Amino acid sequence: MRLSKSFIPTQKEVPSDATIPSHQLMLRAGLMRQLGAGIFSFLPLGYKVMKKVMNLVREEIDAIGGQEFHLPALSPIEIWEKTGRVEAFGDILFHIKNRPLVLAPTHEEIIGWVAANHIESYKDLPQIWYQIQTKFRNEPRPRSGVLRGRQFVMKDSYSLDATWEGLDKSYDLHAEAYKKIFTRAGLKFFIVGASSGAMGGTGSQEFMVESPSGEDTCAVCERCGYAANIEVAASNVEKAVRVPANLQLKEIHTPNVKTIDELRDYLKVDESILAKSLVYIQNGIPHLIMMMGNDQLNETKLQTVIGANARSAHPEELAELTGADAGSIGPLGLKGFKILIDKRLENANGLVSGMNKNDYHIGNIDLKRDVQVDGYYDFRTVAAGEPCPQCNEQLRVVNAIELGHIFKLGTKYADALDAKFLDEHGEMKPIIMGSYGIGIERIIACGIEQSHDANGIIWNKSVAPYDVHLILVNSNVENVVRTAESVYETLIQNKFEVLYDDRSNVSPGFKFKDADLLGMPLHVIIGEKNVVKNKIEIKERKSGQRHIIEIEQLISFIKNFYENN
RNA sequence: CGGGGUGUGGCUUAGCCCGGUUAGAGCGCUUGGUUUGGGACCAAGAAGUCGGAGGUUCGAAUCCUCUCACCCCGACCA
């Protein structure tokens with residue numbers, strides 16, 4: 001492709017509303033333009049990258065037996081009502097105003113519908129169905145360029161199995177395919193155990209790229225490889241110990257002491273004997289949640305235990321339900337509450353907690369003796385530096401971008417949509433499903449986040465829009481032009497994709513800057529100094545390494561470059 | 001949805017607090033010329049409903065009210 005005829009609008013200035021590197025560079029390199037919040041037009045160069053990524057994904061999903069569909073984005077709201085997901089998605093789901101239709105945010109329902117109508121026998125199973133298609137989600141707050149958009153492209157696949165062992169197999173096949181995809185895309189990623197959230201099901205894992213721009217938080221162990229989303233991460237943090245003495249409850253006057261830090265300083269004790277009480281409401285039932293000291297409650301973990309609609313109580317509710325304000329609430333004397341306690345405090349005694357009377361705490365609480373406990377659960381948010389649950393190495397806590405998520409869904413959707421088959425004993429059974437997503441734009445953005453420098457993008461070979469960026473340095477020198485033109489023809493004949501900067505009246509510096517910004521793996525530079533010696537220069541974008549070679553060696557050089565990894 | 005911020009030629013922006021010639025600059029663009037190995041130079045140009053509506057005023061980019069859009073933090077997030 002001749003740059004003189006291409007629409008690749010590069011920009012020198014950093015666009016003012018882009019804050020992360022991938023967003024800035026995708027705009028500057030002319031890959032895309034923003035149309036609205038979370039809505040982007042992909043321009044030819046950006047779409048070329050997108051197609052490369054989609055093909056890479058397609059190859060690997062085909063390789064595990066995936067069959068590609070093209071499902072509609074529009075779908076009748078009725079089937080979303082059947083699975084209860086109109087409510088589950090809430091405002092995230094885009095509704096069409098003048099028809100009872102919605103824009104699909106994912107496609108379990110549609111796959112389930114096809115399966116319900118056409119899968120009849122265990123002999124029809126297993127199946128892996130997938131598509132690469134646009135999804136619509138009314139994100140309350142799109143951000144970070146393409147990382148969270150209202151419209152985006154997803155590869156979503158769905159496995160249909162007759163048995164739970166079959167599901168495990170389909171799931172593992174996807175996990176392996178995903179590793180290959182992200183590895184081929186040149187990404188450094190890790191896999192974490194994750195929460196299934198609104199998708200439901202029995203298990204899920206996320207494929208993550210560490211990045212300060214990421215919206216997810218993960219605990220990672222460098223030694224043994226343990227990694228988990230903070231929503232489910234655990235640690236070997238020390239538990240409370242029982243003190244030997246059987247001490248009597250005592251009232252402690254604590255004027256104006258509200259936070260755990262204030263209480264610790266006021267009483268001059270270790271914060272591990274302080275129990276913080278939080279109140280959450282689930283379906284109208286108040287729950288008292290107790291945490292040790294300054295341990296942070298993880299709401300996802302809480303919701304997994306008591307239900308997804310749990311919300312923290314309002315200040316007025318607190319006063320009404322407990323008789324005290326936040327900071328003075330505790331487990332003794334409450335009526336109508338369920339009391340759930342973090343495992344770290346399991347069976348602890350000698351604790352100080354609120355008395356449900358402002359400015360008073362109670363000491364020497366023994367959870368076994370004094371409190372009617374409805375259960376001990378892991379509610380803590382793991383903090384950096386805590387011991388790994390597997391090997392006790394200190395955990396790192398990092399931000400990460402979620403590239404892909406794989407779910408064992410089970411029979412939730414089959415049950416709701418009546419997707420059943422006859423097994424070998426003639427028994428009607430629900431199809432067991434899995435679902436597996438990859439964000440296509442996120443692969444692109446993560447690639448840039450991980451691989452760029454001050455001058456621009458550094459594409460991985462597998463997703464670079466062009467193999468070679470050919471630069472004509474002296475457009476005013478006839479034999480240099482002739483050489484560049486002939487090199488261009490030769491590269492095309494040898495099936496390389498070439499972006500040829502043939503622009504005249506553009507200074508060499510300008511062309512070099514554009515080439516670095518666009519980031520093709522190899523720059524072939526045709527300049528007068530070398531051409532007179534029948535030589536040309538090749539620059540590797542990633543290392544910056546330059547090679548002056550005979551023109552005749554060009555094709556073998558490039559082939560060698562692309563074949564070695 | 002809560003908090004903060006920003007809207008001025010295609011891009012980056014000055015001016016706004018403290019109202020007053022013709023809204024200024026750099027980049028980009030057009031024309032002519034000179035240049036050509038790291039975002040060239042000279043000259044001449046084109047391009048603006050100052051996000052929108054209403055108001056205050058002799059006079060509004062500037063002050064007030066409403067509104068829209070976008071960005072950031074948080075909440076939320078397959």
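These numbers come from a predicted model, not from an experiment. Below, chains carry the letters A, B, ... as their sequence lines are ordered, and counting in each starts from 1.
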query = Is there a side-chain polar atom (N or O) of A:Ser507 under 4.0 Å from OP1 or OP2 of B:U36?
reply =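 So the side chain of A:Ser507 is outside the cut-off, no N or O lying under 4.0 Å from OP1 or OP2 of B:U36.
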message = Let's test your reading of the pairing rules: Watson-Crick or G-U wobble, both distances under 3.5 Å, then write RNA chain B as a dot-bracket string with ( ), [ ], | and dots.
response = (((((((..((((......[...)))).((((((.....)))))).....(((((..]....))))))))))))....
request  = Examine the base of B:C72 for any acceptor or donor lying under 3.5 Å from a partner atom in the side chain of A:Arg143, and report the outcome as yes or no.
outcome  =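 It does not, because no donor-acceptor pair links the side chain of A:Arg143 to the base of B:C72 below 3.5 Å.
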Does this structure show an ion pair linking [X] with [Y], if we count only N-O contacts that are shorter than 4.0 Å?
X: A:Arg148; Y: A:Glu402; value: no
X: A:Arg150; Y: A:Glu139; value: no
X: A:Lys408; Y: A:Asp168; value: yes
X: A:Asp295; Y: A:Lys276; value: no
X: A:Asp156; Y: A:Lys135; value: yes

query = Contacts to RNA chain B from residues 66-78 of chain A, heavy-atom cutoff under 4.0 Å, which residues?
reply =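 Residues of residues 66-78 of chain A that come under 4.0 Å of RNA chain B do not exist, since none gets that close.
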Name the pairs: protein N/O against N/O of nucleotides 1-11 of chain B, kept only if under 3.5 Å.
none

inquiry  = Categorize A:Arg28 for me: base, sugar-phosphate, or nothing, with a 4.0 angstrom heavy-atom threshold over every strand shown.
reply    =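 Since a base atom lies under 4.0 Å of A:Arg28, the category is base.
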message = Determine whether the aromatic ring centres of residues A:Tyr130 and A:Tyr158 are separated by less than 6.0 angstrom.
response =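 So the answer is no for these two rings.
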